[in-house]
Amino acid sequence: MIEAAGVSKVFRLPRHRRHALRALPGGARGFDHVAALQDVSFHVATGEFVGVVGRNGSGKSTLLRLLAGIYPPTAGRLVLGGAVAPILDLGAGFHGMLPVADNVLLYGVLLGLPRAELRAELAEILARAGLLDYAEAPLERVSSGMRLRLAFTVALRSAAPLLLIDEALAVGDAAFREQCVADLRALRARGRTAVLVSHEPDLLGALCDRLLVLDGGRLAGAGPVPAMLELYGALPSR
């Protein structure tokens, strides 16, 4: 489902003077180049759930955005074997001024779900996300956690064979988390594929077949969950 060979991502960031902002237009004084990922290679088989762990700034979210097609790689080759359902940024695909119910339709259509199907299942989707009482409220009035629960619930209905999940289960109460884990296990049993970023060992152990460990933008290891969690715990602080 995923083949990554020597993938790197370098961001070109403007450098600014601290005091003399008029030196160049906009205050920029040249550019810094920040390597978020460096020469990362791995594969994910169809039907496999692979977790990604690493300390803050290790490149986890950048990797998911490359897989989602949000960023192009600076170098290397990245091949995906099917469509993607990303659960990444809270605001991606949502419109804060529209009611919660309308955002279900908007986000679902962007993921390729039929509008008629979304309308028929709207009440169930809102109930599973814990937002049935907020159907007519503007999305901007609900919490970020509620928005992420909504995105997660809608994305799970997508037929896309590959799910990309960035800390989506870090919000919500215990009942919602248990429901999400059960839903993801059911999808895995049906042959879906997922790449999951999380800092929670129990969650990774419950869902993932293997882990990738990122450290400073490089792949520090890939393998069974227990061994990779041990490797992750032994990484030096940065």
Side-chain angles (χ1 to χ4, degrees), residues 1-11 34-89 92 148 152 155-156 160-170 177 180-181 183-185 187-189 191-238:
M1 181 60 70
I2 300 173
E3 190 69 40
V7 172
S8 298
K9 181 60 183 178
V10 177
F11 292 100
V34 178
L37 288 175
Q38 302 177 65
D39 195 26
V40 172
S41 298
F42 65 94
H43 73 278
V44 176
T46 299
E48 194 175 23
F49 272 47
V50 173
V52 183
V53 296
R55 306 203 186 281
N56 291 337
S58 62
K60 303 184 301 297
S61 294
T62 298
L63 176 60
L64 286 194
R65 282 157 178 74
L66 286 169
L67 293 173
I70 296 171
Y71 300 149
T74 305
R77 185 171 61 93
L78 185 59
V79 179
L80 273 62
V84 173
I87 310 174
L88 307 177
D89 294 317
L148 191 49
F152 187 85
L156 286 187
L162 175 59
L163 289 169
L164 304 175
I165 305 170
D166 192 357
E167 295 288 1
L169 303 186
R177 287 164 58 85
C180 291
V181 170
D183 288 341
L184 287 170
R185 281 175 167 165
L187 290 176
R188 184 174 63 176
R192 297 280 286 278
T193 307
V195 178
L196 169 69
V197 166
S198 178
H199 288 97
E200 301 182 48
D202 291 343
L203 179 66
L204 295 168
L207 288 173
C208 296
D209 302 296
R210 293 186 297 122
L211 293 185
L212 308 177
V213 181
L214 292 177
D215 182 36
R218 296 185 179 275
L219 186 64
V225 174
M228 292 302 101
L229 287 176
E230 184 176 350
L231 173 62
Y232 171 47
L235 292 178
S237 300
R238 289 181 178 271

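The closest donor-acceptor contact from the side chain of K9 to the backbone of A35 lies at 3.5 Å or more, if one exists at all. Side-chain atoms of R192 come within 3.5 Å of backbone atoms of A160 as a donor-acceptor pair (strictly under, hydrogens ignored). S58 places no side-chain N or O within donor-acceptor distance of the main-chain N or O of G216, the cut-off being under 3.5 Å.
Minimum interatomic distance between R55 and K60 (heavy atoms only, all atoms of both residues): O-NZ, 3.3 Å. The shortest heavy-atom contact between P161 and G82 is CG-CA, 3.9 Å. For H199 against G54, the heavy-atom pair with the smallest separation is NE2-O, 3.3 Å. Across F152 and C180, no two heavy atoms sit closer than the pair CE2-SG, 3.1 Å. Listed here is the closest heavy atom pair of S41 and L219: O-CD2, 3.1 Å. Of all non-hydrogen atoms in S198 and L204, the two that sit nearest each other are O-CD1, 3.8 Å.
Between L212 and the options V50, V195, V44, a side chain to side chain contact (heavy atoms under 4.5 Å, CB included) holds for only V50. Each of L184, V52, L156, L207 was compared with I165 under the side chain to side chain contact (heavy atoms under 4.5 Å, CB included) criterion, and only L184 meets it. Here the options are L164, V40, L78, the test is side chain to side chain contact (heavy atoms under 4.5 Å, CB included), and the partner is L66; only L78 passes.
Within the structure, side-chain hydrogen bond (donor to acceptor under 3.5 Å, both in side chains) pairs that include any residue of residues 69-81 do not occur (at least two apart or interchain).
T193 OG1 to E48 CD: the interatomic distance, rounded to the nearest 0.5 Å, is 8.0 Å. Distance CD1/I70 to CG/L64: 9.0 Å, rounded to 0.5 Å. Here CG of L162 is found 4.5 Å from CD1 of I2. Values are rounded to the nearest 0.5 Å.
Under the 4.5 Å side-chain criterion, counting only non-hydrogen atoms from C-beta, L148 is in contact with I87. A heavy-atom distance below 4.5 Å is found between the side chains of S61 and R65.
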Inset, instruction - List the steps, then state whether side chain to side chain contact (heavy atoms under 4.5 Å, CB included) holds for L37 with L214. - result: CA-CA 9 Å; L37 288 175; L214 292 177; 4.2 Å; yes

Inset, instruction - Determine, step by step, whether L231 and L211 satisfy the side chain to side chain contact (heavy atoms under 4.5 Å, CB included) criterion, reporting the C-alpha distance in whole Å, the side-chain angles of both residues, the deciding distance to 0.1 Å, and the verdict. - result: CA-CA 10 Å; L231 173 62; L211 293 185; over 6 Å; no

Inset, instruction - Start with the C-alpha gap between F11 and T62, add the side-chain angles, then the distance that decides, and say whether side chain to side chain contact (heavy atoms under 4.5 Å, CB included) holds. - result: CA-CA 10 Å; F11 292 100; T62 298; 4.1 Å; yes

